[in-house]
*Asks:* 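Pasting a structure here, questions to come.
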There are 2 protein chains.
Amino acid sequence: MTVHNLLVEDGSTLVERVMQAIRKRIAGRSLAPGAKLPSIRSFAETMQVSKSTVVEAYDRLSAEGIIQSRRGAGFYVAGHPIPLSLAEIGPRLDRAVDPLWVSRQSLEAGDHVLKPGCGWLPASWMPDAGIRRALRTLARADQAMLTDYGTPLGLPPLRQLLSRRLAAHGIEAPAGQIMLTESGTQAIDLICRFLLEPGDTVLVDDPCYFNFHAMLRAHRAKVVGVPYTPNGPDIDLFAQALTEHRPRLYITNSAIHNPTGATLSPVTAHRLLKLADLHDLTIIEDDIFADFEREPAPRLAAFDGLQRVIHIGSFSKTLSASVRCGFVAARGDWIDGLADLKIATTFGGAPFSAELVLGMLRDGSYRKHLDGLRERLARAMGETTLRLKALGLTPWIEPRAGMMLWCSLPEGLDAAEIAKRALADNVVLAPGNAFSLSQSAKGFLRFNVSQCQDARVFSVLAKAMG
Amino acid sequence: MTVHNLLVEDGSTLVERVMQAIRKRIAGRSLAPGAKLPSIRSFAETMQVSKSTVVEAYDRLSAEGIIQSRRGAGFYVAGHPIPLSLAEIGPRLDRAVDPLWVSRQSLEAGDHVLKPGCGWLPASWMPDAGIRRALRTLARADQAMLTDYGTPLGLPPLRQLLSRRLAAHGIEAPAGQIMLTESGTQAIDLICRFLLEPGDTVLVDDPCYFNFHAMLRAHRAKVVGVPYTPNGPDIDLFAQALTEHRPRLYITNSAIHNPTGATLSPVTAHRLLKLADLHDLTIIEDDIFADFEREPAPRLAAFDGLQRVIHIGSFSKTLSASVRCGFVAARGDWIDGLADLKIATTFGGAPFSAELVLGMLRDGSYRKHLDGLRERLARAMGETTLRLKALGLTPWIEPRAGMMLWCSLPEGLDAAEIAKRALADNVVLAPGNAFSLSQSAKGFLRFNVSQCQDARVFSVLAKAMG
């Protein structure tokens, strides 16, 4: 009896001692996030304990989330973001450069990977002080806000604040015509579900944000691309596409186009809307880069008055991509239908994220953050342009604002091949054809200038270009 | 010039004075959350200012989210949750009792409305201390966690913790076979998109969670109902449905069935899975009420080993419905496809909510919270049963656990009519046919015993039964 107790006591002490030793190494960074832990055998020797004791200790540390076991690959120190999925799925060098290629590569990449091909800012460029303030405030919020489902349209004060922000872009959208979603992407997805029948035709820009292809595929839509010019879609070919394909929907960005960084010109906007009226076309205007804008550009939703244009926004690019919150502004009757669909497919809203975003938008420091961000992006745009030109790449245009720079490679080079080679050197690039329905952007790469601060981006690129 | 400045100065002072007066009334509760503000005219007289000054003041207070304007209905004091949507859309007495009827009524109802028909616990029953602790911890988290997109599968330490929790139910699911979603509902929606073609047939229980009907409608699926017995679906009719309709999918709850509160028996589970093998049927097991369970019930996913069963969970019922986080455990190859679909339709995950849930699950107080919750629910179940029996209602079964009580009305009474009458008295009931594909539950109501603490529920019900 006593003996048994002693054994248990002794056993648990040993396990705890091993756990402490690992915790110390992690705290002292001798084991950094993502680092592999010593093998069971070697650490058992180091600690002068049985292997089963180390197994038990590693197991408990895994349960605490301090380390992670990867099947067949041992134990690793946890950290954010963790390249676990990458390890689980394996670097997807094999995977075809389909519309999801860039998404998976960038989302699954760990700290050690450079991501000039991704579509967001480095964490260090984001306003974390504001987020922390908003969190501390939230910790004192009404219990109902912390625990209840949200109303279908979402937090009213945030919708009213958004209504005022939209007004600043000339878009008249009362709070009752704005619905919060879990992301801008989810907003577009809900609209597609609301408006599209399988087999319906949808127009997209060529090139366009690659995820539109993946999403429309999920909706079984027939997708037709219209060549994009520095002022918007080629209006003659757009008119032709309307006559030929009778599309139900057109999805685009106005102020800052992804991937080209171009801006819709007022005359193109006007012609576009006249054609839309003529052919009873509905337009989704995805305006997620709005806050990067330096001079006001025309918005389709402003000209159209939310009759046939549906306006989308999100806070992933300038506030936080971790706090999921987007919104849709549309005709009142459509918003009601979208709310039903939102309930059916995700049930309640997320008052929690909405409250956080509201807190951050109200935080006086947000405006300052944006001003600094625009300057910083402008500088990065200039520097990156020079460094890419030095490597023989040619920017398609000089974007007015934002993070995207669309560049053509020297004659004869294949962006997909270069991207695969760069990935082997832990650099995620965005090859042009991931954005192009017609696969006519083989010679282009999209660069995110905010993710091009590390010289290794350019050395790896040069090497990959051979 | 001076005059002009004076005017401006004076104007802004007046506006500020009016704003202060309103703020004082709100602070002093002479204007409570949800209360209507004085009309522009009357308050202009009260304050001895011009109407335009009051308009400006109300406008600014709206911008601050302190009050809200409702088109055509004046201004109201904000609060959480706010019956704004209800006011915007009007109490939907007119709306048919379709699958979304109960959802909209409960989600849109304000503080003044009692919700014995809703599917969640009162805020006061939720573990807000744990949430607040988790929030304060999060305010000190890595910046990347606060601002970056999540990996496609979601926060690894949470997936590992879930893997261990599932093991406790006999379900073997390594972290790599678990994907986090924004809710249990979103998880089911993704699976339907992944597995269903428009026109495919899906089996559901009759009665079943009403939202399954709404969701499957969104997927253009052909829905077939199988009568549900106190031990699970009627196995003979289930077999018949498989032969007749060749369904692709069956969606159900095992441990605690919604709306009946019944539990799947081991023998029914075994027969169900044999039939599923025979007809190559995939099963979604929605286990969101798992933590309410008092004695362990069989899980289809445990018997089947995640071959043809997909297991769904969420934290909305026992932690927070405001922090959106659910998960799906399935075959590895399916998880990979689901991850692509998740990226295409919502892009990144929400590491933020995942980190919060992880913090709360790790919080030692969660277990205690659950023990207390189960006791409290058991008591509420007993009390509610007695009070409903006293009104002539008859529970279909005595549920083993959970919040749901499925009751039949006295002969000849129509639940939908009673629900509409009760709604006029600000009580949201859940009429049986909202759950029944065959519309054969006209004489049933679903009660959430945790929302039946207020005697008014029973007086209004008695009156509505007239």
Side-chain angles (χ1 to χ4, degrees), chain A residues 62-63 65 68 71 78 80-82 84-85 88 100 103 107-108 120 123 126 128 131-132 135-136 138-139 142-149 151-153 156-157 160 164 174 176 182-183 185-186 189 193 198 211 214-215 218 320-324 340-341 343-348 350-352, chain B residues 62-63 65 68 71 78 80-82 84-85 88 100 103 107-108 120 123 126 128 131-132 135-136 138-139 142-149 151-153 156-157 160 164 174 176 182-183 185-186 189 193 198 211 214-215 218 320-324 340-341 343-348 350-352:
Chain A
S62 304
Q68 295 143 14
R71 272 162 303 147
H80 299 291
I82 297 151
L84 181 62
S85 311
E88 277 170 348
L100 282 162
S103 312
L107 290 172
E108 287 163 1
W120 53 90
M126 299 296 263
D128 71 323
I131 301 178
R132 295 178 200 280
L135 276 168
R136 289 190 294 268
L138 206 52
D142 289 358
Q143 167 154 31
M145 210 289 304
L146 295 176
T147 56
D148 279 3
Y149 285 100
T151 54
L153 293 190
Q160 288 186 321
R164 288 172 66 91
E182 276 152 359
S183 65
T185 307
Q186 193 213 18
D189 184 53
R193 290 183 138 187
N211 207 46
M215 184 190 290
S320 165
S322 179
V323 181
R324 306 299 285 150
D340 278 354
L341 207 45
I343 292 172
T345 55
T346 67
F347 206 64
F352 206 87
Chain B
S62 305
Q68 295 142 13
R71 272 162 305 147
H80 296 292
I82 297 152
L84 181 62
S85 312
E88 275 171 347
L100 280 162
S103 310
L107 289 172
E108 287 163 2
W120 54 90
M126 300 296 263
D128 72 323
I131 301 177
R132 296 178 200 280
L135 275 168
R136 288 190 294 267
L138 206 53
D142 289 357
Q143 167 153 32
M145 209 289 304
L146 295 177
T147 56
D148 279 4
Y149 285 100
T151 55
L153 293 190
Q160 288 185 323
R164 290 169 67 90
E182 277 153 357
S183 65
T185 307
Q186 193 214 18
D189 184 51
R193 289 180 137 187
N211 207 47
M215 184 191 291
S320 166
S322 179
V323 181
R324 306 299 286 151
D340 278 353
L341 207 44
I343 293 172
T345 55
T346 67
F347 206 64
F352 205 88

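Note: hydrogens, waters and symmetry copies are ignored here, and every other heavy atom, side chains too, is used. Below, read A as the first sequence line, B as the second, and so on, with proteins coming before strands; counting in each chain starts at 1.
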*Asks:* Work out which heavy atom in B:R324 is nearest to a heavy atom in A:T346; give both atom names and the distance.
*Replies:* NH2-O, 2.9 Å

*Asks:* Of all residues at least two apart in sequence or in a different chain, which pass the salt bridge (Lys or Arg N to Asp or Glu O under 4.0 Å) check with B:R136?
*Replies:* none

*Asks:* Output the option from A:I131, A:L138, A:T345, A:V323 having the highest count of non-hydrogen pairs under 4.5 Å with chain B.
*Replies:* A:T345

*Asks:* Taking all non-hydrogen atoms of both residues, which atom of A:D128 and which atom of B:Q143 are closest, and how far apart?
*Replies:* CB-NE2, 3.2 Å

*Asks:* Restricting to non-hydrogen atoms, name the atom on A:A144 and the atom on B:A123 that form the minimum distance, rounded to 0.1 Å.
*Replies:* CA-CB, 3.8 Å

*Asks:* Name all residues meeting the side chain to side chain contact (heavy atoms under 4.5 Å, CB included) criterion together with A:T185; count only those two or more places apart in sequence or in a different chain, and write none if there are none.
*Replies:* A:S183, A:N211, A:M215, B:F347

*Asks:* At their closest point, which heavy atom of B:D142 faces which heavy atom of A:R132, and how far apart are they?
*Replies:* C-NH2, 4.0 Å

*Asks:* As an exercise: rank A:S322, A:S62, A:S320 by heavy-atom pairs under 4.5 Å with chain B and give me the winner.
*Replies:* A:S322

